[in-house]
There are 2 protein chains.
Amino acid sequence: MNANQPFQQDSLCPHDRRVSCANCRLNSICLPISLHIEDIDKLNQIIQRGKPLQKGDYLYRANDPFDSVFAVRSGAVKALTISDKGEEQVTGFYLPGEVVGLDGISENRYTNSVIALETSSICEIPFHRMEELSLKIPNLQRHFFQLMSREITQDQQMIILLSKSSAEERIASLLLSISNRNNRRQLSATAFRLPMSRTDIGNFLGLTIETVSRIFSRLQQQQIIEADKKEIRIINIEELHKTANGGDACHS
Amino acid sequence: MNANQPFQQDSLCPHDRRVSCANCRLNSICLPISLHIEDIDKLNQIIQRGKPLQKGDYLYRANDPFDSVFAVRSGAVKALTISDKGEEQVTGFYLPGEVVGLDGISENRYTNSVIALETSSICEIPFHRMEELSLKIPNLQRHFFQLMSREITQDQQMIILLSKSSAEERIASLLLSISNRNNRRQLSATAFRLPMSRTDIGNFLGLTIETVSRIFSRLQQQQIIEADKKEIRIINIEELHKTANGGDACHS
DNA sequence: GTAAATAGTTGACGTGAATCAAAAGATCCT
DNA sequence: AGGATCTTTTGATTCACGTCAACTATTTAC
């Protein structure tokens, strides 16, 4: 075998269930810690890989008993809660390498429902087996504390965004967030496909779909982005950052 | 000693540094888990109790290196971040029995600053010693996972509140939140003193101080609450719940 | 392939909360 | 005690975003 050729497993398609943590392209995101190879193997053994979810499929529903957290391997999912009045509220989007379900731990049931935005492969991590393993692998315990802490930090940034920012700032921030997360996965930071609908974006950002649409149009007019349906090209990332932070016409 | 009399330590004043976890009145909130008495003692031994903070004192500042998480024993604190433009954003209020600083774990430095709203006693829990201890006490590991998960759940509820609710709903929700948290500590759910200023409330809820003031006045006119400065009496908790959930004139 | 349903865009108009302004209470300081 | 500073209240005005409505583009279903 030519050493410049990838190993066979590296070329497994993203939905192949034979992938293991050790050769997963996402392990630097999903497991950004120094685990020994044998520890990775132990973790790998408790992880379950189900068949891919199709668009619209539920990964789990709010109030289901909590058993596992889930890492997105490919595709994308959204988390949402249903209010008393039956309205949806999207609480987050999760891209490959990101972990969802951490909210279920405290109450022993999930507080959100999670739905696939497109065909998605998911790694299931049975939480109680992970907990046991954590007692033996300090770095794994540390990793989960960090994962949860990161979720807290991100949620708090979201609180700030919703509390202080205009519609334009919110949308610019979301685009930059997706851009960064793509970049971490070695994908283009300036050209990508949004996995979620305008409706989901509006719901997530606390805006109506009409406002979302208008802002996209405006950003396009200003030559900051090019948006063709869900395909986005960031033309002037400099200016997009300015827009996200209150722009030139800073009014706050 | 009369068995019906409390132990001497039960009557320690809340700022007394000789208090221990085993006899702390808040341990059912701060440590709502079944730890064996000897485990509680091990935990107690790593906890440090500094001298009380005065109003306005910092517990820590954003970007300080992360060493510890902190449990509020008495008083109250607020967490806040400073935006690029130097504006404060309050990200949470923490009352006795609640734990602050969990956001620092992932980046190894705090992302918020924490400031005392009034004279406050704080228990410091050195995180790395707690981590080591967690490897030996599975229930303690479990407890910290749950604490962090609860913070995630609460932050997500805050996201929903900010994303979907009117000014009136936000303030009603905050009052009910404080009421519930007081209730858990065996205090009155209907009469209490707000530890934070109107400015802090507005900042936290994404409202201007003027709006906060107007809403307080309106709730008072409607005979739902009585507000004399920071002293609050909830007169009609039924109606306050309705107000928090969109009220009768439900427009959403 | 065509109808029906769903998702997105654009315009006109209304409204809830921000902003601006002023004054009345609290609290701090010497 | 008395001036200074900070906090809170209330009113008048403005504006960003929501609402309502009409229309287009895209996807789904038969």
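Each chain gets a letter, A, B and so on, in the order the sequences are listed, and its residues count up from 1.
A donor-acceptor contact under 3.5 Å links the side chain of A:Glu210 to the base of D:dC20. Under 3.5 Å, the side chain of B:Arg214 and the base of C:dT19 form at least one donor-acceptor pair of N or O atoms.
Taking atom CZ of B:Phe216 as the reference point, atom C1' of C:dG25 lies 17 Å away to the nearest angstrom. Here the P atom of nucleotide C:dT9 and the CZ atom of A:Arg218 are 14 Å apart, to the nearest Å. For the pair A:Lys230 NZ and D:dT27 C1', the interatomic distance rounds to 11 Å; values are reported in whole Å.
Residue B:Thr211 has a polar side-chain atom (N or O) positioned under 4.0 Å from OP1 or OP2 of C:dA18. Distances shorter than 4.0 Å separate some side-chain N or O of A:Ser217 from OP1 or OP2 on C:dT10. The side chain of B:Thr199 contributes an N or O atom lying less than 4.0 Å from OP1 or OP2 of D:dT8.
Within 6.0 Å of NZ on B:Lys55 lie no more than 12 heavy atoms contributed by other residues, nucleotides or ligands.
As judged by a 4.0 angstrom heavy-atom cut-off over every strand, B:Gly206 is placed among residues touching the sugar-phosphate backbone only.
The closest side-chain donor-acceptor pair between A:Asn112 and B:Gln156 falls under 3.5 angstrom.
Of the options A:Arg181, A:Arg185, A:Arg184, A:Arg73, a salt bridge (Lys or Arg N to Asp or Glu O under 4.0 Å) to A:Glu98 is made by A:Arg181 and by none of the others.
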